[in-house]
*Asks:* 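One structure coming up, written as structure tokens, with questions to follow.
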Amino acid sequence: MKYEAVIGLEIHCELKTKTKIFCGCATGFGAEQNTHVCPVCLGLPGVLPTVNKRVVEFGIKAGLATNCTINKYSKFDRKNYYYPDLPKNWQTSQYDLPIAEHGWVDIDVDGEKKRIRLTRIHMEEDAGKLVHSGTTIKDSATSNVDYNRTGVPLLEIVSEPDLRSAEEARAYMEKIKAIMEYIDVSNCRMEEGNLRADINVSLRPAGTEELGTRTEMKNINSFKNLEDAINYEIERQQEVLEDGGHIVQETRTFDPARGITLSMRSKENAHDYRYMPEPDLPPIVTSEETIEKYRSELPELPDARRARLEKEYGLSDYDAGIITSSRAMAEYFDAVVATGADPKLAANWIMGDLAKNLNEDGIDITKSPVSAERLGKMIGLIMKDTISGKIAKKVFKEMWTNEDDPEKIVKDKGLVQITDTGAIEAAVDAAIAANPKAVEEYKGGKKKAIGALVGQVMKATRGKANPQMVNKMLAEKLAD
Ligand code: ADP
Ligand code: ZN
Ligand code: MG
């Protein structure tokens, strides 16, 4: 039988507020253990939480940016469970009246657009962190609890089960990441756990509607793991079903080293958590004016920016999609274009040599050794025919480790393009004299033979002759 995969994501997004959601403790990452704590986030008796207004603002902005309806009356609820990283024994979250509901975002996979619905976005507090003496809890003699993360604000963004493949799930998570970066509510550093996903996967016979039994993989924090976990789980479930078995609803863990998922525990249901309204916090009532104020503060979002780059600069849909996939890259692009650089050349250089070098050295674009301004200047040299596109690759490479202006590098290294007709003519004549065979072939109708001659000239000029001039002059001389 042919099966169809059905996938839904619950994305946890850590908000970049200065202080925690219900107290004044700092939120910073990497501080010494248990230094960002107070009686409120430690859940000591007799204390009362207060809601950080910024968290509500960020929740509403995230909802607006993902086409959600904002609930003007929203409230917090207690989700009760025991674990050492949860000092109150409940997590303050939202249950039936989340801040935002019924949204959507568009993704594209292989050039096809698809709309993914959002069920809801709710606000909640993060739990603390267990720090094991070994690598896992099982091989550790002791485990410490670090409560610095306890009470750090999160948005949980829940999708409908609209995703059908690992690629779609990845595209969806990339889109959510981009939107959260654009609206500036989260750092979205996946390696620091700012953005992590629980993935729900089930199969059903192709062409049917009813949802199959799902499994859930928690805390996936890289795009690679997301794809690997989904692909593995689809295959595993398919084998179980093809063998006549049935899927057990359970929470599984993904082991990135082995690329497999393992059963962890049977999955809990909402009623297991004994959700109850949070009595210590008032409901959140938001006026239409406040919502409109936040809406007016939203920046241009990824889809709109993409459409603008296509319209304003004639970039292809694909290129514009890549350039706007992160706010930092889109801003870098704008800064390059602001120097007067041709937008298409700018896009090519950013997606090509820049992306490749950043990737190889593991550097974020915001810390690129070649600033947008310097790349813009280098593109300017190409546009003025001072250097050819090919020589520019050498210049760019030099710029990676050399802080000089591209103009200076080109002069120092003697890379200025030869546009002097006399110098080119000498090299052209020499190439013609040295390659009678290619000349004969060309004159006999094999036009491609000119390539060998161009190659000779470029070699003789160490790549510095203007290629258009070389081609033109050769064609002229061979026409006689
Ligand atoms: P929880 O996992 O907290 O119990 P939900 O039941 O609301 O919460 O579902 C969470 C996620 O699982 C949502 O993203 C939803 O789209 C997805 N989901 C629900 N049922 C299925 C299913 N049968 N197959 C795949 N995904 C599912
Ligand atoms: Zn605190
Ligand atoms: Mg879940």
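Sequence positions, counted from 1, serve as the residue numbers for this chain. Order of appearance sets the numbers: ligands from 1, and atoms from 1 within every ligand.
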*Asks:* Report, in ascending order of atom number, the atoms of ligand 1 lying under 4.0 Å from any heavy atom of L9.
*Replies:*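 So the atoms of ligand 1 that pass are 14 (O).
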
*Asks:* Provide the tally of protein N/O/S atoms nearer than 2.8 Å to the Zn ion (ligand 2).
*Replies:*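 Every protein N, O or S atom under 2.8 Å from the Zn ion (ligand 2) counted, the figure is 4.
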
*Asks:* Please tabulate, for side-chain N and O atoms in residues 51-61, each donor-acceptor pair with protein atoms closer than 3.5 Å (sequence neighbours left out).
*Replies:*
from: N52; atom 1: OD1; to: R54; atom 2: N; distance (Å): 3.0
from: N52; atom 1: ND2; to: T19; atom 2: O; distance (Å): 3.2
from: N52; atom 1: ND2; to: T19; atom 2: OG1; distance (Å): 3.3
from: N52; atom 1: ND2; to: K20; atom 2: O; distance (Å): 3.2
from: R54; atom 1: NH1; to: E57; atom 2: OE1; distance (Å): 3.2
from: R54; atom 1: NH1; to: E57; atom 2: OE2; distance (Å): 3.4
from: E57; atom 1: OE2; to: K61; atom 2: NZ; distance (Å): 2.8
from: K61; atom 1: NZ; to: E297; atom 2: OE1; distance (Å): 2.9

*Asks:* Under a 4.0 angstrom heavy-atom cut-off, which atoms of ligand 1 come close to V158?
*Replies:*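 With V158 as reference, the close atoms of ligand 1 come out as 13 (C), 14 (O).
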
*Asks:* Measuring only between side-chain heavy atoms, which start at C-beta, is F22 closer than 4.5 Å to E125?
*Replies:*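 Yes, side chains in contact.
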
*Asks:* Among residues two or more places apart or on two chains, list those pairs meeting ring-ring contact (aromatic ring centres under 6.0 Å, His included) that have a residue in residues 322-369.
*Replies:*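 Qualifying pairs, neighbours excluded: Y313-F333, W349-F396.
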
*Asks:* Which ligand 1 atoms, with their elements, are less than 4.0 angstrom from a heavy-atom of L211?
*Replies:*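 Listed by number with element: 23 (N).
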
*Asks:* Checking T290 against S287: is there a side-chain donor and acceptor pair closer than 3.5 Å?
*Replies:*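 Per modelled atom types, S287 and T290 side chains form a pair under 3.5 Å.
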
*Asks:* For Y275, does the six-membered ring have the charged nitrogen or CZ of K79 within the cation-pi criterion, i.e. under 6.0 angstrom from the centroid and within 45° of the normal?
*Replies:*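 No, cation not above the ring by the 6.0 Å, 45° rule.
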
*Asks:* Show which atoms of ligand 1 fall inside a sub-4.0 Å distance from at least one heavy-atom site of E160.
*Replies:*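 Under 4.0 Å from E160, ligand 1 has these atoms: 16 (O).
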
*Asks:* Going by the atom numbers of ligand 1, which of them fall below 4.0 Å from some non-hydrogen atom of V6?
*Replies:*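 Atoms satisfying the 4.0 Å criterion: 24 (N), 25 (C).
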
*Asks:* Verify whether one side chain among T119 and E160 offers a donor that lies under 3.5 Å from an acceptor in the other.
*Replies:*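 E160 and T119 do have a side-chain donor-acceptor pair below 3.5 Å.
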
*Asks:* Using a plain distance cutoff, I'd like to know if G212 has any nitrogen or oxygen under 3.5 Å from a nitrogen or oxygen of ligand 1.
*Replies:*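 In this structure, G212 places an N or O atom under 3.5 Å from an N or O of ligand 1.
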
*Asks:* What I want to check is whether the side chains of Q249 and T215 have a donor and an acceptor closer together than 3.5 Å.
*Replies:*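 Absent: no donor and acceptor within the cut-off.
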
*Asks:* If hydrogens are left out, which of K79, R214, E216, E210 has an atom nearest to atom 5 (P) of ligand 1, that is, the closest non-hydrogen atom?
*Replies:*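 Heavy atom nearest to atom 5 (P) of ligand 1 belongs to R214.
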
*Asks:* Report the C-alpha distance between K344 and D319 in whole Å, list the side-chain angles of each, state the deciding distance to 0.1 Å, and finish with yes or no for salt bridge (charged side-chain N to carboxylate O under 4.0 Å, His left out).
*Replies:* CA-CA 9 Å; K344 283 186 191 165; D319 289 359; over 6 Å; no

*Asks:* Only one of K114, E168, K113 passes side chain to side chain contact (heavy atoms under 4.5 Å, CB included) with D108; say which it is.
*Replies:*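 The side chain to side chain contact (heavy atoms under 4.5 Å, CB included) with D108 is passed solely by K113 among K114, E168, K113.
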
*Asks:* Using the test ring pair (Phe, Tyr, Trp, His ring centres under 6.0 Å), find all partners of Y232 that sit at least two apart in sequence or belong to another chain.
*Replies:*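 So Y232 forms no ring pair (Phe, Tyr, Trp, His ring centres under 6.0 Å) with any residue.
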
*Asks:* At under 4.0 Å between heavy atoms, is it the side chain or the backbone of N200 that contacts ligand 1, or both, or neither?
*Replies:*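 Near ligand 1, N200 shows its backbone as well as its side chain.
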
*Asks:* For ligand 1, which atoms sit closer than 4.0 Å to a heavy atom of E10?
*Replies:*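 Ligand 1 atoms under the 4.0 Å threshold to E10: 1 (P), 2 (O), 3 (O), 8 (O), 10 (C), 11 (C).
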
*Asks:* Regarding N71 and E101, do their side chains bring together a donor and an acceptor under 3.5 Å, going by distance alone?
*Replies:*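 Looking only at side-chain atoms, E101 and N71 do form a donor-acceptor pair, the distance falling under 3.5 Å.
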
*Asks:* Considering only heavy atoms, which of P161, S202, S159 lies nearest to atom 22 (C) of ligand 1?
*Replies:*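 Among P161, S202, S159, the closest heavy atom to atom 22 (C) of ligand 1 belongs to S202.
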
